[in-house]
Colleague: 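Encoded as structure tokens, here's the structure I'll be asking about.
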Amino acid sequence: MRKFLLFSATLPLFPIVMFSQPKGWNDAFPPFRIMDNLYYVGTKELASYLFVTPQGNILMNSDYESSVPVIKASVEKLGFKFSEVKILIAGHAHPDHVEGDAMVKELTGAQVVVGRIDADKTREFRPGGKEHPIDRLVDEGETVSLGGTTLTAHLMPGHTRGCLAWSTTLKENGKSYYTFIECSLNGQFLQVLDNYPGMIDDFRATFKKARTFPVEVFLSSHASFCDLAAKYEKLQKRGPGDLNPFVDPEGYKAHVEQYEKSFEAAVARRETEGAGKAGGRGAGKSQ
Ligand SMILES: [Zn+2]
């Protein structure tokens, strides 16, 4: 989100910038197999994942509506049919992850699974006036299963009130890996977030919770958050015996650390600014 948030940071009173699409985010990225039955089918920045099972496929994140043709082309390039997507799951109620839900539903008939807490916000994204489809609501700890793949939802509130991370297990060369697709820990530009009551406390609890997962394969809703492009390059050059570069427990820990710091810096900035405005809008911990 970095680029568009930097831009929107200059216009904090116009949430409409949340809906503008940063340049380059929808550029195609080569689709590839990450590990086991998990494939990357997202754009250069907006991460979408495809779990391929004998009973059809699970797609995570439709991204912007204009991303859907890019995702579809990636799925087909890998040799799969887009119509084999049976379940579409979401991470959080921001347009760069769920705006394309209606189009995916139209093209595939997939069941659309959304976190209960983010459901109302998700319904607000209606490109072209289309109704936002939601077929199933999930809560903390609930699972989505298809053809031997099971994903578990983890509530990670802050970036949105109902931000959901998803975990599963992938296998490679006889080993099992705890795989974690994080929601978003991005709180470095608080003014563009929802700023619901309790958001700051939620973020802090989420950073604590983030450290409790035994993450081995680390993935995220944004390619840049988990260094996807660099790992993809390494994967192309991987020799026999080399570890899959997506196995990155240390990278995950460093990521949590870095995003906690940038969040706390944003809170401190806002408190300073709020104090300057004599407790005006955007002041401190009461948010
Ligand atoms: Zn977001």
Side-chain angles (χ1 to χ4, degrees), residues 1-9 11-12 14-26 42-49 59-68 71 88-101 104 112-127 132 134 138 153-166 180-196 198-200 202-207 209-210 218-228 255-256 258-260 262-263 266-267 287:
M1 299 188 92
R2 208 160 296 156
K3 213 188 264 173
F4 94 110
L5 287 175
L6 273 173
F7 165 67
S8 59
L11 295 165
F14 298 95
I16 194 75
V17 293
M18 282 294 291
F19 298 87
S20 70
Q21 195 177 295
K23 214 171 160 240
W25 276 20
N26 255 350
T43 68
K44 209 169 176 183
E45 175 58 14
L46 302 171
S48 298
Y49 301 97
L59 177 67
M60 185 177 300
N61 293 334
S62 65
D63 308 337
Y64 288 114
E65 186 168 74
S66 57
S67 317
V68 175
I71 296 169
L88 171 66
I89 53 181
H92 67 273
H94 281 161
D96 49 340
H97 307 293
V98 297
E99 192 195 73
D101 285 7
V104 171
V112 182
V113 180
V114 168
R116 186 182 304 279
I117 298 172
D118 263 9
D120 286 346
K121 288 273 170 199
T122 302
R123 282 192 193 95
E124 289 174 14
F125 302 115
R126 299 161 53 98
H132 199 114
I134 296 180
V138 287
H154 305 279
L155 189 58
M156 307 289 282
H159 184 77
T160 63
R161 191 177 231 162
C163 221
L164 284 186
W166 294 88
F180 193 69
I181 305 177
E182 69 154 12
C183 183
S184 173
L185 298 175
N186 195 353
Q188 59 187 320
F189 300 104
L190 292 174
Q191 66 273 36
V192 299
L193 296 180
D194 209 12
N195 283 282
Y196 62 88
M199 179 185 77
I200 301 293
D202 272 1
F203 251 120
R204 287 181 175 143
T206 282
F207 283 114
K209 186 174 179 179
F218 163 39
L219 300 163
S220 185
S221 56
H222 282 262
S224 61
F225 291 179
C226 59
D227 258 334
L228 186 124
H255 168 77
V256 174
Q258 184 195 344
Y259 275 70
E260 185 175 43
S262 63
F263 160 74
V267 173
Q287 285 280 339

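These numbers come from the heavy atoms of this one structure, side chains and all, not from hydrogens, waters or symmetry mates. Read the numbers this way: they start at 1 and go in the same order the structure lists the ligands and their atoms.
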Colleague: Can you say whether the rings of H222 and F225 are parallel (under 30°), tilted (30 to 60°) or perpendicular (over 60°)?
Modeller: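 Aromatic pair H222/F225 classed tilted.
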
Colleague: For the Zn ion (ligand 1), find the closest N/O/S atom belonging to H94 and write down its atom name.
Modeller: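 H94's closest N, O or S atom to the Zn ion (ligand 1) is named ND1.
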
Colleague: Kindly give the heavy-atom pair with the smallest separation between A119 and I134, and that separation in Å.
Modeller: O-CD1, 3.8 Å

Colleague: If I take every N, O or S atom of C163, is at least one of them less than 2.8 Å from the Zn ion (ligand 1)?
Modeller: no

Colleague: In terms of relative ring orientation, are H159 and H92 parallel, tilted or perpendicular, with 30° and 60° separating the classes?
Modeller: perpendicular

Colleague: Please say which of L88, I181, V113 ends up in a side chain to side chain contact (heavy atoms under 4.5 Å, CB included) with M60.
Modeller: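 That would be I181.
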
Colleague: Strictly under 2.8 Å, is any N, O or S atom of H92 next to the Zn ion (ligand 1)?
Modeller: yes

